[in-house]
Amino acid sequence: MANILLFGEVSDKEISSITYELISAANKLKFNEDDKIVVALLSEVIPESYENLFSYGAETVCLVKNELLSRSNTDAFIIASKEVFDKFNPEIVLFAKTDLGRDVAPRLAFKLGVPVAQDCIDLGIDQDTKKVMVTRPVYGGSAIATLVFEDVETQIVIVRPKVFEPITPTENSKGEVVELNIELDEKLIKTKFIEEVVKESEGIPLESAKVVVAGGRGLGDAKNFDLLRELAEILGGAVGASRAVCDAGWLDHEYQVGLTGKTITPDLYITVGISGASQHMAGCSSSKNIVAINKDPNANIFNSANYGVVGDWNAILPAFLEAVRELN
Amino acid sequence: MLNILVCIKQVIDPEMPSSAFSINTSSKKVEEPDGIPPVINGFCENAVEAALRIKDVSDANITILSIGNKFVTEVMKKPLSMGADELILIEGPEFENLDPLSTVNVLRAAIQKLGSFDLILCGRQASDWDNALVPLGLSEMLDFPCITIGQKIEIVDQGLIVQRTLSNGYEIVESSLPALVTVTNELGDPRYPNLKGIMAASRKIPTIWNSKDLDLDLETLIPKLKLIDLKIPITDKQCEIIEGGDDEETGRNLALKLREAKLI
Ligand SMILES: Cc1cc2nc3c(=O)[nH]c(=O)nc-3n(C[C@H](O)[C@H](O)[C@H](O)COP(=O)(O)OP(=O)(O)OC[C@H]3O[C@@H](n4cnc5c(N)ncnc54)[C@H](O)[C@@H]3O)c2cc1C
């Protein structure tokens, strides 16, 4: 029997959906019948809904409550996650590539002296070696690598968000609850949090919008985003942007979609003046439908788009906007 | 004086046209594109810029350190022409395919040989393997406070204050020195080398070390995560190109098409 330990996350006093995604990922790594999925929740508040985790496939839930386990205290999470690790001695450990996970997972791995697979989009067990095999985009998404862990005792995997779907929960499932009391000494926290400055994008949050209208360098100017805002408003969606736009200061980086920006999976993603660089597509290629308006017929974006218009947005967009308004 | 180390990496130009991107399937490596020189990883240039901004306002010495194989000296000297003081290159074929664990071990050996640093800056991730693992590992190994994805770094009294980019805004954190900070593009564009800088850099000779200089045991440099396949993803999507008599009609037709497909 082996333990698969995954670190869930709590945000705004709720279990964040990434936790359920991680359980789905862990399910793909169950090799023997009695392999056990342990979900650890480390937080300053433990949501009551932790019982739901059993319905999603958790067999053990490990709760660690401590006021120092607030998002900004990475050092506290590292100390606590090491203790959880020692308690369950898992063969496989899963984290999510979130603001928190991408800091904690690598540092835990280096503390343990074991390898870590970053940004995985598929997982499995190699039939020969019984070790974890992962698939992950590299070179900004221009290439896909398959890697397998060599003979190591612990395999740490960081999972890309919004790739694994949570399962449909079964009703009234029960499991084991382990409450772990971890003493955290404030002195061990080397980086002190001072202040958080939240800059939510206006309107519907980009990550949960069903429709996203995004602009790129081809828009030429910050004020041209007004047209996109208008379109987004009519469609009940959100505005997004490429990194070139955020680097130019036309929009804040909270709007950036891509490898180092947000990962989105809307039903409809409309891009205007975006070339479709692999690093941009890394954040939006799972959109259900992609529409591209670009004047370059050879632009990369047309390889990922369902519908495309080759042309100058200056001429196309106003008519499109007008027609959308009429149809709505 | 503040002793700053910036760790940088030479990478294949990530902005090269996708048509120039190819993979050698037998060696499982990305081919170096013809006629497109490598570059310093963008986030590493941001880290150099961060160091220079500190040097702009305080007394600091900036050492640049890189591990790799087949360095293009002209490319790697750019931080010197931007204003950094020294360049150390750890070069050899044995460093071609280092995994993050090994990279950290080599960096640590080099740092031990170089002396002590008050601040280590790295790019938030490298644009080839997009790992974002080495700086975090290095901070663990050196037992330095670690602050990732910094967009603004200020030295105060005995410590530093860093603005960290988050998905929705940023947070401000503080730590003592020595510390390690990774830098993101939100910090702002790296400065262009000026003539004086270029002249100064042309007179500087990088220090080049190999594994013997660092007493490295090559056995320990074997990756623990084995690459078994590397391929270019295939997009089998068919893009339907919407047309019209003129641009206006095209725009209209696109809207009608999306309505027909029940997308709007
Ligand atoms: C490590 C790394 C991480 C990165 N992370 C991200 C990320 O998270 N998100 C991201 O977006 N990028 C990211 N990038 C940058 C990425 O490689 C591209 O540089 C960027 O996405 C380009 O933005 P763009 O498409 O707006 O600009 P460009 O590539 O300059 O494209 C502009 C497009 O607009 C079209 N155009 C111009 N004028 C018009 C017009 N009048 N009408 C219609 N079309 C027009 C052009 O044909 C062109 O295709 C990253 C890069 C690296 C190296």
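In what follows, chains are A, B, ... by sequence order, proteins preceding strands, each numbered from 1.
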* Quick one: do R259(B) and E326(A) make a salt bridge, cutoff under 4.0 Å? -> no

Select one option (side chain, backbone, both, neither) describing which atoms of [X] are under 4.5 Å from chain B's heavy atoms.
| X | answer |
| --- | --- |
| V132(A) | neither |
| K192(A) | both |
| N306(A) | both |
| R102(A) | both |
| V197(A) | both |
| Q155(A) | neither |

* To do: Drop me the distance from L235(A)'s CG to L258(B)'s CG, to the nearest 0.5 angstrom.
  => 9.0 Å

* Spacing of L136(B) atom CG and F110(A) atom CZ [to the nearest 0.5 Å] -> 8.0 Å

* I would like to know whether D267(A) and K262(B) meet side-chain contact (heavy atoms from CB on, under 4.5 Å); could you show each step before the answer? => CA-CA 11 Å; D267(A) 294 336; K262(B) 300 200 169 60; over 6 Å; no

* **Side-chain H-bond candidate by donor/acceptor type, D103(A) with T148(B), under 3.5 Å** => yes

* **Interface moiety of P17(B) toward chain A, non-hydrogen atoms closer than 4.5 Å** => neither

* N/O donor-acceptor pair under 3.5 Å between N168(B) side chain and V198(A) backbone -> no

* To do: Let me see the working for Q125(B) and Q118(A) under side-chain contact (heavy atoms from CB on, under 4.5 Å), right down to the final yes or no.
  => CA-CA 11 Å; Q125(B) 69 193 59; Q118(A) 177 65 284; over 6 Å; no

* To do: Evaluate the criterion side-chain contact (heavy atoms from CB on, under 4.5 Å) for residue pair F144(B) and K190(A); output intermediate values, then yes/no.
  => CA-CA 8 Å; F144(B) 273 26; K190(A) 291 186 249 169; over 6 Å; no

* Asked: Which one, T184(B), I232(B), L227(B), leads in non-hydrogen pairs under 4.5 Å with chain A?
  -> L227(B)

* To do: Could you pull out the closest heavy-atom pair between K237(B) and N303(A), with the gap in Å?
  => CB-O, 3.8 Å

* Structure fact -> Closest non-hydrogen contact found for L230(B) with A143(A) is CD1-CB, 4.0 Å

* Derivation of the side-chain contact (heavy atoms from CB on, under 4.5 Å) call for T260(A) and D130(B) -> CA-CA 10 Å; T260(A) 50; D130(B) 292 318; over 6 Å; no

